[in-house]
Amino acid sequence: MEVRLGKTDFIEDPAAIERELTGSWISAVRRHGKFVVLDLKSGNGANESRTLLIHLGMTGQIRTCPPEEPIAPHTHVFVSLDDGREMRYTDIRRFGKIRLLEDGGPEDTLGKLGLDPTEVNEKEFVARLATRRARVKALLLDQRVLRGMGNIYTDESLWRARIHPRRLGANISKVELHRLYLAIRSVLAEAIRLRGSSISDYVDAEGNRGEFQLRHRVYQREGKECSRCRSVIRREIVAGRSSYFCPRCQPQPRKRLT
DNA sequence: CTTACGGCCTGGGTGC
DNA sequence: TGCACCCAGGCCGTAA
């Protein structure tokens, strides 16, 4: 691989990226929570393990294309691959992050993350929430509790499970937690199958838009009817985030905490 | 320790 | 035409 960089203020150590990627191979591409993980193998046969972490933030895109393809605005990383294609990182807002982990270095970024919601079993899931007095919305967004959930899938899951985002973890019944567990798994499975939610400009590595936004029941649907009960969808700030919910399907917790 | 909250980063969209 | 403002996700500092 060969690397060219544009703006680098979202890259932890740009010099290290240039140095370590050049001449290396990508031996695997994985996902860990919201991180795209590229496992690197050096071309000279040395055996040190280096890993490239890419967080797309809100507007980050990783694409591969022929090198002669016109360069989209806000493209800041160009990697020439040995098969002739070019891998490009584009990020309008630069809320994304790129970081190189060297050889067993401090693995704090990934090590602090919670369980993968697509793999966690119900018992572990319940244990993670039922002992907490924070709002369920904050807990689901907390990457140390579960890794990978963002605002969209949190709201959609809470709607499916009929749980108000302001409920406290410890106040949610086992029956409700069971519903939430199933809701999260079904929402994520469906969203992955439909290649994600293209609200503004999200695309996958081939440039395809996702289609899960067509299935959103609450997210960005303030003022529209709930498809289950016809009440009007509301938006409130919960845990510092816009939160969309149905006030009838997802009843307010008794205690008012504003 | 846990929880809540405000501020910061950036730039497209919106509304005046 | 210009411009102030909002908002997004993650993270950090601070306070209770």
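Chain identifiers are assigned alphabetically (A, B, ...) following the order of the sequence lines, protein sequences preceding nucleic acid strands; residue numbering begins at 1 within each chain.
Straight-line distance from the CG atom of Leu139(A) to the C1' atom of dG10(C): 17 Å, rounded to whole Å. With rounding to whole Å, Lys112(A) atom NZ is found 7 Å from dC12(C) atom P. At whole-Å resolution of the value, CG in Leu129(A) and P in dT2(B) are 15 Å apart. Taking atom NZ of Lys137(A) as the reference point, atom P of dT3(B) lies 17 Å away to the nearest angstrom. Straight-line distance from the CD atom of Gln220(A) to the C1' atom of dA8(C): 10 Å, rounded to whole Å. In this structure, Arg144(A) places its CZ atom 11 Å from C1' of dC12(C), rounding to the nearest Å. Atoms CG (Asn151(A)) and P (dG10(C)) sit 9 Å apart, rounded to a whole Å. The distance from atom CD of Gln143(A) to atom P of dG9(C) is 11 Å, rounded to the nearest whole Å.
Considering only side-chain N and O atoms, Lys97(A) lies nowhere under 4.0 angstrom from the phosphate OP1 or OP2 of dG10(C). Look at Arg132(A) and you won't find any side-chain N or O under 4.0 angstrom from OP1 or OP2 of dC1(B). In this model, the phosphate group of dG10(C) is approached by a side-chain N or O of His55(A) to a distance below 4.0 Å at OP1 or OP2.
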I would like to know whether Arg135(A) and Leu168(A) meet side-chain contact (heavy atoms from CB on, under 4.5 Å); could you show each step before the answer?
CA-CA 4 Å; Arg135(A) 290 161 186 161; Leu168(A) 304 186; 3.9 Å; yes
Passes side-chain contact (heavy atoms from CB on, under 4.5 Å), Phe245(A) versus Val238(A)? Steps please.
CA-CA 11 Å; Phe245(A) 61 94; Val238(A) 180; 5.5 Å; no
Before giving the answer on side-chain contact (heavy atoms from CB on, under 4.5 Å), spell out for Leu40(A) and Met1(A) the whole-Å C-alpha distance, their side-chain angles and the decisive distance to 0.1 Å.
CA-CA 10 Å; Leu40(A) 303 179; Met1(A) 301 191 281; 3.9 Å; yes
With sugar-phosphate taken as primed atoms, P, OP1 and OP2 and all else as base, the protein-contact string of nucleotides 9-16 of chain B at under 4.0 Å (heavy atoms; B, S, -) is BBBS----
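Atom OG of Ser186(A) sits about 11.5 Å away from atom OH of Tyr181(A), to the nearest 0.5 Å.
Within 4.0 Å of Arg235(A), counting heavy atoms only, lie sugar-phosphate atoms of the nucleic acid but no base atom. Within the nucleic acid shown, Arg241(A) comes within 4.0 Å of at least one base atom, counting heavy atoms only.
Distances were taken from every side-chain heavy atom of Lys34(A) (C-beta onward) to each of dG9(C), dT3(B), dA8(C); the shortest belongs to dG9(C).
With salt bridges taken as basic N to acidic carboxylate O contacts below 4.0 Å, one links Asp116(A) and Arg31(A). Under a 4.0 Å N-O distance rule, the pair Arg166(A)/Glu236(A) qualifies as a salt bridge.
Legend: side-chain hydrogen bond (donor to acceptor under 3.5 Å, both in side chains) pairs involving residues 75-84 of chain A, not counting sequence neighbours, sorted by first then second residue: Thr75(A)-Thr90(A), Asp83(A)-Arg85(A).
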